[in-house]
Amino acid sequence: MDLYAYRYNRKVTNEEIEKILRDIGEYLAMQEVPFKPRAYEKVADSVSELGEELTETYERGGSKALREIPGVGASIAEHIEELLKTGRLKYYEQLKKATPVDLSTLTNVESLGPKKIKILYEKLHVRNLVDLERVANAGKIAKLPGFGGKSEEKILKGIEFLKRSSGRFLIVHAMSEIRAIERYLRSVKEVEQLEVAGSVRRRKETVGDADILVISNHPKVIMDHFTAMPGVVNVAAHGETRSAVKMKSGLNVDIRVVPRESYGAALNYFTGSKEHNVEMRKIAIRKGLKLNEYGLFALKEIRGRKDEVKVAGENEEGIYETLGLHYIEPELREMTGEIEASVAGKLPHLIGYGDLLGDLQTQTTWTDGSSSITEMARAAMDAGLEYIAITDHTKRLAMTGGLDVPRLILQGKEIDAINLKFKTKNFRILKGTECDILKDGSLDLPDEALKTLDVVGVSVHSLFNLPEPEQTARIVKAISNPHVDILFHPTGRRIGKRGPYPVDIDAVIRAAKETGTVLEVNASDRLDLKDEHIRKCVHVGVKLAINSDAHAIHEFTDLEFGIAQARRGWAEKKDIINAWPVEKMLGFLKR
DNA sequence: GCCGTTTTCGGCCCGACTGTTTTCAGTCG
């Protein structure tokens with residue numbers, strides 16, 4: 001059991017509880033216990049979709065409130081209670097003792113599940129990723145019964161993928177922790193101004209650490225508060241104006257206190273990207289100026305003596321202006337043409353964080369979502385949206401209980417009824433689908449059913465390893481269907497878990513252009529399309545939809561990260577169809 | 001271990017694919 005929380009006098013988080021429940025499920029699956037694994041897995045999913053910390057749930061309503069969480073019964077409620085009260089769970093510790101392996105890491109290796117992990121542990125004493133890589137490289141896995149050369153190759157590939165993505169955090173996951181740190185620091189009265197710089201401010205899809213800049217006249221107080229924050233497990237540096245800590249989650253956080261007069265220069269410097277900064281300095285030099293993290297300086301000769309005079313630095317806008325540039329939004333500072341565009345006055349007017357009016361991909365309890373249509377609609381309204389499309393899965397995705405035509409029709413009737421209730425609220429629920437693309441590019445629902453819907457999304461959920469030409473042809477065929485409006489998560493990647501399937505994205509974008517199909521910017525942990533693809537779409541005029549892919553009411557907050565991704569792809573409001581009013585959006589879709 | 005217009009027991013989202021086999025176990029979505 002993970003005792004960090006208690007060692008550092010901190011409450012057990014949902015994330016920790018989720019991991020333990022998931023691990024228990026895997027342990028039970030290892031022992032081939034029937035049904036229980038699914039029960040634990042289900043609860044782990046529920047916990048991950050909760051909008052409230054379990055500590056709060058428990059304080060609010062005790063074990064009875066825990067029991068109200070879907071999938072939590074008497075026994076799991078007791079487990080959670082034990083975890084909340086003592087920070088440990090004896091049942092879990094026993095399982096762990098019997099098979100001491102780093103389950104959550106090993107199951108992250110593609111093609112490895114509990115059964116194979118068990119064999120690897122029993123035959124080759126594999127406990128963690130390092131062990132696994134060693135035996136795979138030694139060719140020992142191929143010789144195991146049930147394994148072979150290809151399994152070994154797959155495992156090595158999986159390890160490689162995990163290693164590449166380690167040490168960085170998905171911004172979608174890290175942001176809530178970063179925001180909590182921000183809130184904590186802002187509550188310190190000596191903090192005059194504060195901003196998180198670095199890749200977080202540029203909204204990169206993954207971030208390695210968080211760089212926080214603070215203006216304050218009392219740096220020492222700030223440093224002391226910072227290093228004593230809840231959740232800090234290691235203080236790497238504790239200086240006068242700079243400190244660095246590691247959080248329990250593994251996130252590194254740096255803080256710097258800077259004087260007001262150089263705040264803008266420091267913010268610019270610490271926001272990066274490095275390449276962008278280098279170019280800005282070159283521009284400064286060409287103008288006879290010098291730019292560093294303290295400011296923008298002119299070299300002036302005063303009475304025969306050369307001296308540096310600060311000409312800008314208190315804010316970023318002043319620095320860009322003095323350099324003869326239009327202000328460049330942080331999301332664009334990647335040295336991919338933003339400087340030239342800025343000089344030429346041709347920077348895009350980026351879509352704003354409050355610009356979305358709708359969400360065109362949501363799932364409900366009809367399939368694998370955990371909230372009802374009504375609940376999702378209410379949550380969308382609270383999130384400031386005017387419409388959502390309900391796009392539950394289709395029958396091929398059996399594990400989700402995907403809809404067939406009769407159930408789709410039933411769902412449509414329910415949507416009609418709910419829409420009547422919401423009529424006065426200027427909110428509309430659209431009928432939609434996330435229809436599976438089958439192997440040959442045909443669809444999991446017949447055209448007669450598709451044409452009754454407001455929004456038809458299609459996506460690939462199977463056969464990720466088709467050769468590129470086949471996969472591309474499959475997708476192109478699917479979006480050539482005259483009823484298909486949007487291609488959901490076009491490359492199939494899950495950041496940190498799985499790369500994109502082999503696909504010629506340029507060919508897909510061309511086909512989207514020809515067929516008038518919209519491509520999705522999926523805002524969940526897929527962030528798919530990615531920034532450079534978005535930019536290609538914007539360039540050729542393929543329209544985009546930024547969708548949450550929400551499976552629960554609080555997941556509409558993910559839309560922010562989809563917007564960030566679209567901004568990194570230079571997208572404007574005119575490029576994003578769900579930033580348009582519902583009638584205009586519907587009018588644009590294929591008829 | 002959970003759940004109940006099939007309610008206190010007896011069911012439990014399941015079909016497709018892969019790589020290993022030579023009829024199937026394990027993984028994935």
Side-chain angles (χ1 to χ4, degrees), chain A residues 20-47 63 66-81 89 91-92 95 103 106-120 141-158 161 363-370 392-404 407 434-440 444 459-467 470-471 474 488-489 492-494 497-499 501 524-526 549 551:
Chain A
I20 289 168
L21 293 170
R22 216 174 281 285
D23 275 4
I24 293 174
E26 305 278 9
Y27 277 128
L28 296 171
M30 250 181 199
Q31 298 164 10
E32 309 201 35
V33 177
F35 302 112
K36 289 190 188 182
R38 174 138 303 149
Y40 278 94
E41 188 192 334
K42 230 183 116 196
V43 178
D45 288 341
S46 288
V47 170
S63 134
L66 296 177
R67 291 285 304 264
E68 278 161 21
I69 298 164
V72 176
S75 164
I76 293 185
E78 260 177 44
H79 288 341
I80 296 176
E81 211 175 343
L89 177 58
Y91 177 58
Y92 176 57
L95 289 167
L103 259 184
L106 289 175
T107 48
N108 263 340
V109 178
E110 258 208 289
S111 82
L112 282 193
K115 307 274 173 63
K116 287 189 177 173
I117 291 170
K118 186 178 185 209
I119 297 172
L120 289 166
I141 292 178
K143 288 177 194 144
L144 288 178
F147 290 78
K150 284 198 177 171
S151 325
E152 194 168 84
E153 220 173 274
K154 253 192 172 176
I155 287 169
L156 281 168
K157 262 190 179 169
F161 186 85
Q363 273 74 227
T364 70
T365 44
W366 279 78
T367 58
D368 60 346
S370 59
D392 275 299
H393 290 288
T394 54
K395 58 184 188 295
R396 204 220 64 97
L397 219 51
M399 55 102 56
T400 67
L403 305 187
D404 55 10
R407 289 187 67 217
E434 176 174 12
C435 184
D436 251 59
I437 300 177
L438 306 180
K439 183 173 183 182
D440 64 353
D444 199 24
S459 55
V460 168
H461 290 118
S462 60
L463 294 157
F464 297 134
N465 57 351
L466 288 183
E470 248 178 85
Q471 192 70 274
R474 175 190 188 197
F488 288 160
H489 45 77
R493 71 171 180 165
R494 312 284 308 252
K497 287 189 185 135
R498 179 177 81 209
Y501 38 67
S524 70
D525 63 357
R526 296 172 178 271
D549 204 348
H551 285 62

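Lettering of chains follows the sequences in order, A, B, ..., and the numbering in each one begins at 1. Because only heavy atoms are used, hydrogens play no part in the values below, and waters and symmetry mates are left out as well, while side chains stay in.
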Novice: For Lys157(A), enumerate each residue passing the salt bridge (Lys or Arg N to Asp or Glu O under 4.0 Å) test, keeping only those at least two apart in sequence or located in another chain.
Specialist: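 Per chain and number, Lys157(A) pairs via salt bridge (Lys or Arg N to Asp or Glu O under 4.0 Å) with no residue.
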Novice: Within residues 145-158 of chain A, which residues have any heavy atom lying less than 4.0 Å from an atom of DNA chain B?
Specialist: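 Those residues are Gly146(A), Phe147(A), Gly148(A), Gly149(A), Lys150(A), Ser151(A), Lys154(A).
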Novice: Using a 4.0 Å heavy-atom cut-off across all strands, classify Arg38(A) as base, sugar-phosphate, or nothing.
Specialist: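 Result for Arg38(A) = base.
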Novice: How would you label the contact of Lys36(A) with the nucleic acid (heavy atoms, under 4.0 Å): base, sugar-phosphate, or nothing?
Specialist: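 Counting heavy atoms under 4.0 Å across all strands, the contact made by Lys36(A) includes a base.
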Novice: Kindly write out the residues that satisfy salt bridge (Lys or Arg N to Asp or Glu O under 4.0 Å) with Arg494(A), not counting sequence neighbours, or none if the list is empty.
Specialist: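 Counting only residues at least two positions away or on another chain, Arg494(A) forms a salt bridge (Lys or Arg N to Asp or Glu O under 4.0 Å) with Asp525(A).
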Novice: Excluding sequence neighbours, so at least two apart, what forms side chain to side chain contact (heavy atoms under 4.5 Å, CB included) with Ala29(A)?
Specialist: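 Testing Ala29(A) for side chain to side chain contact (heavy atoms under 4.5 Å, CB included), a comparison that skips the adjacent residues, returns Pro37(A), Pro114(A).
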Novice: Pro34(A) near the nucleic acid: base, sugar-phosphate alone, or nothing, with a heavy-atom cut-off under 4.0 Å?
Specialist: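 Counting heavy atoms under 4.0 Å across all strands, no contact is made by Pro34(A).
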Novice: Which pairs, with at least one residue in residues 31-42 of chain A and sequence neighbours excluded, count as a side chain to side chain donor-acceptor pair (under 3.5 Å)?
Specialist: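 Non-adjacent pairs meeting side chain to side chain donor-acceptor pair (under 3.5 Å): Tyr40(A)-His79(A).
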Novice: Base, sugar-phosphate, or nothing: which does Leu463(A) touch, judged by heavy atoms less than 4.0 Å apart?
Specialist: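 It contacts sugar-phosphate atoms only.
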Novice: Determine the contact category for Val43(A): base if any of its heavy atoms lies under 4.0 Å from a base atom, sugar-phosphate if only primed atoms, P, OP1 or OP2 are that close, otherwise nothing.
Specialist: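 The answer is nothing, as Val43(A) stays clear of every strand by at least 4.0 Å.
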Novice: Nucleotide range of DNA chain B contacted by chain A, 5' to 3', under 4.0 Å to a heavy atom?
Specialist: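 From 5' to 3', the first and last contacting nucleotides are dG1(B) to dG29(B).
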Novice: Identify whether any heavy atom of Asn465(A) sits under 4.0 Å from a base atom; if not, whether one sits that close to sugar-phosphate; answer base, sugar-phosphate or nothing.
Specialist: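 Here Asn465(A) touches the backbone only, sparing every base.
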Novice: Where do Asp23(A) and Tyr92(A) land on the side chain to side chain contact (heavy atoms under 4.5 Å, CB included) test, with the steps shown first?
Specialist: CA-CA 8 Å; Asp23(A) 275 4; Tyr92(A) 176 57; 2.7 Å; yes
